[in-house]
Amino acid sequence: MYSLLLLILSYTATLNALNIDPSSRESIVEASGIVGQKMFSFYKGDEPGHVPGLFEGSGSHWWQTGAMFGALIDYRRYTNDTRYDASVTKGMLHQVGGNNNYLPANQTFVAGNDDIAFWAFAALGAAESKFPDPPAGQPQWLALAQAVFNDMTTRWTNKCGGGIPWQTFSFNSGFQYKNSISNGAFFNIAARLARYTGDSHYAKWAEKIFDWMTTVGYITEHYWVLDGADERQNCKMIDDRQWSYNSAVMLGGSAFMYAYTNGSDIWKQRVDGFIDAASYIFVENGVIDEYTCWLATVPCNDDQVTFKGYLARFMGYTAYLVPHTAPQIFSLLASTAVAAGKTCTNMCGFDWRNSTFDGRTSVQVQLANFEVIQSNLMKFMPPLGDGSNDVFVTASSGGTSKGDPNAGASSKSGIPSPEQIRDNTTADKVGAGILSLLTVAAVLVLNIWIV
Ligand SMILES: *[C@@H]1O[C@H](CO)[C@@H](O)[C@H](O)[C@H]1NC(C)=O
Ligand SMILES: *[C@@H]1O[C@H](CO)[C@@H](O)[C@H](O)[C@H]1NC(C)=O
Ligand SMILES: *[C@@H]1O[C@H](CO)[C@@H](O)[C@H](O)[C@H]1NC(C)=O
Ligand SMILES: CC(=O)N[C@H]1CO[C@H](CO)[C@@H](O)[C@@H]1O
């Protein structure tokens, strides 16, 4: 009898949607806990014989684990729940690479600037939220983000008047594509380093990247963020599709610049511009939606289904750092979380426009759901101005992460050139492995060009 009851209970628990009450912190914490657990159940990096910091299986890419760790660091920031601390630290440190700059040799053929940036976002989140510092002698969160930043500055070229390429290495396809996610993420990292350290060097880079993206036409006068262009046509033929993560990183970076400048008019205007544009483009009936997914003839891939999660993440950050935006943002995040919750059965779905599960069960889809649900927790955090209680501390308000302004491969001598890395990596591997990696890279490029 008892076990029958249990059976019925678990049956209903798997079939019922998650009914989220966005006005209740308890309800959101509970839903975040459930969906976070579903997401994390895909991760094998803690188990013997598996690599820390990697997802496995088709559709999984290196950057997505960096994105997940960023989300788990936010989960701790919002709840103080420490259950993922050890896994996050282990995975984050395993993937730093030989130069402590998130360019591990295994990922030589896939690590674009955008991919690396998602690991830097996680490292920045750790520094800003006082996530436990790694033991002395290990790479530190702030220094890791500075390493990524420094390396990116060395990838800036004059083609198209500026900007960094999508790829880090010239032998990878996509090296001639200068895109908004790579440059926008670079901008976001620069803005956050400016606010955390107070060093105007980072702020000057943030301004420079922003100005270039505007001049080249990737950011339009209406604050739409277009995907990017090929430098061989001098960045004139812009792929004008819009993806929510491009708006997300621009919005988030602008919010940090607003905070860094103590609320300047120009950054207020930009924050407002990106929110209004994103609310127009990526929202349907009050629910965040990756509309570009419905324009294509093939379903969005496992990268693209995560994008709207980062829009929610950076909207949550913005509502905190730029308080006048809070009512508009929290209202949107609330209605979206309610809609997302309705798609959850055993797993949560991707299409939040309908209150039904659409059958997409990947870890990436769970990540998007986790981000949008937990971003609602920001509204319960103590307000900005609480010093060491701030959601985003700085070096002068309680941050403890140790930095290294000279971190990264770029400033060290004896660091192999990209070509040497390629040759070494090639020598280490059998041809078949390389071929499959190149195929992955080619497929990625195809996905970008032909959705
Ligand atoms: C987390 O713990 C810190 C330190 O005890 C406390 O100041 C903060 O208010 C807590 N945050 C949440 C969201 O419970
Ligand atoms: C690189 O790949 C090897 C072989 O699979 C693995 O043992 C190692 O942990 C990987 N390193 C990273 C940083 O992923
Ligand atoms: C912001 O205000 C603080 C405190 O008054 C000041 O120290 C800092 O220089 C200001 N920052 C900027 C970029 O103006
Ligand atoms: C499966 C399903 O019902 N999909 C619908 C979800 O909602 C959108 C618009 O709101 C429809 O276009 C889909 O057909």
Side-chain angles (χ1 to χ4, degrees), residues 25-26 28-29 32-33 43-56 60-66 69 73-83 85 90-111 115-116 119 128-132 139 144 190-191 193-204 206-207 256-268 316 320-321 374-398 400 421 424-425 428-430 433-434 436-437:
R25 182 173 184 279
E26 206 185 350
I28 306 166
V29 168
S32 303
Y43 178 69
K44 302 282 171 262
D46 289 331
E47 295 170 19
H50 298 262
V51 181
L54 295 184
F55 289 137
E56 294 162 23
S60 300
H61 301 124
W62 174 69
W63 75 279
Q64 296 163 352
T65 3
F69 289 142
I73 287 165
D74 277 348
Y75 175 72
R76 184 191 206 275
R77 178 184 333 240
Y78 294 141
T79 63
N80 276 347
D81 182 340
T82 58
R83 75 175 110 161
D85 286 13
K90 187 175 174 188
M92 290 280 296
L93 293 181
H94 193 77
Q95 292 298 328
V96 296
N99 294 316
N100 297 336
N101 61 350
Y102 284 117
L103 198 44
N106 288 356
Q107 305 300 335
T108 301
F109 293 98
V110 295
D115 306 71
I116 297 166
W119 290 89
E128 294 158 353
S129 67
K130 299 190 280 184
F131 191 87
L144 285 164
L193 286 172
R195 180 160 186 277
Y196 188 93
T197 64
D199 186 340
S200 62
H201 170 66
Y202 300 112
K204 285 184 193 127
E207 299 271 5
F256 278 94
M257 287 305 288
Y258 176 89
Y260 169 76
T261 58
N262 298 316
S264 73
D265 285 344
I266 182 77
W267 289 108
K268 175 182 184 297
Y320 182 84
L321 293 165
Q374 75 167 357
S375 64
N376 282 271
L377 290 171
M378 187 63 99
K379 67 180 171 229
F380 302 103
M381 300 301 278
L384 187 64
D386 252 16
S388 62
N389 265 334
D390 274 343
V391 176
F392 304 93
V393 298
T394 67
S396 59
S397 71
T400 57
I421 292 174
N424 290 342
T425 317
D428 283 351
K429 295 193 190 246
V430 288
I434 293 289
S436 70
L437 279 170

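As the structure lists them, so they are numbered: ligands from 1, and atoms in each ligand from 1. The analysis underlying the following values was restricted to heavy atoms, covering all of them including side chains, and did not include hydrogens, waters or symmetry mates.
- Judged by distance alone, the side chain of Y78 and the main-chain N or O of S375 form no donor-acceptor pair under 3.5 Å.
- Counting atoms of ligand 1 from 1 in the listed order, those under 4.0 Å from a heavy atom of N389 are 7 (O).
- Listed by chain and residue number, D74, E128 satisfy the salt bridge (charged side-chain N to carboxylate O under 4.0 Å, His left out) test with R77 (two or more places apart in sequence, or in another chain).
- Judged by the shortest distance from any of its heavy atoms, R25 lies inside the 4.0 Å radius around the atoms of ligand 1.
- In this structure a side-chain-to-backbone donor-acceptor pair under 3.5 Å is present from K130 to S388.
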Atom pairs, nitrogen or oxygen, ligand 3 to protein, under 3.5 angstrom:
residue  : atom   : partner : partner atom : Å
ligand 3 : 2 (O)  : N262    : OD1          : 3.2
ligand 3 : 2 (O)  : N262    : ND2          : 2.3
ligand 3 : 11 (N) : N262    : ND2          : 2.9

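- Ring centroid separation for the pair F256 and F392 comes in under the 6.0 Å cut-off.
- Proximity of a side-chain donor or acceptor of T394 to a complementary backbone N or O of S397 within less than 3.5 Å is detected.
- Those atoms of ligand 2 with a heavy atom of V51 less than 4.0 angstrom away are 9 (O), 14 (O).
- With a 4.0 Å cut-off on non-hydrogen atoms, H94 touches ligand 2 through its backbone as well as its side chain.
- Interface of N106 with ligand 2, defined as ligand atoms under 4.0 Å from a residue heavy atom, comprises 1 (C), 2 (O), 3 (C), 8 (C), 10 (C), 11 (N), 12 (C), 14 (O).
- Although no hydrogens or angles enter the test, the distance criterion places no donor-acceptor pair under 3.5 Å between the side chain of Q95 and the main chain of P104.
- For Y43 and F69, the distance between ring centers is under 6.0 angstrom.
- Heavy atoms of F380 come nearer than 4.0 angstrom to ligand 1 in no pair at all.
- For residues 259-268, every residue pair satisfying the side-chain hydrogen bond (donor to acceptor under 3.5 Å, both in side chains) rule, not counting sequence neighbours, is listed here: T261-S264, K268-D272.
- Residue N80 has at least one N or O atom closer than 3.5 Å to an N or O atom of ligand 1.
- Annotation: salt bridge (charged side-chain N to carboxylate O under 4.0 Å, His left out) contacts of D81 (sequence neighbours excluded): R83.
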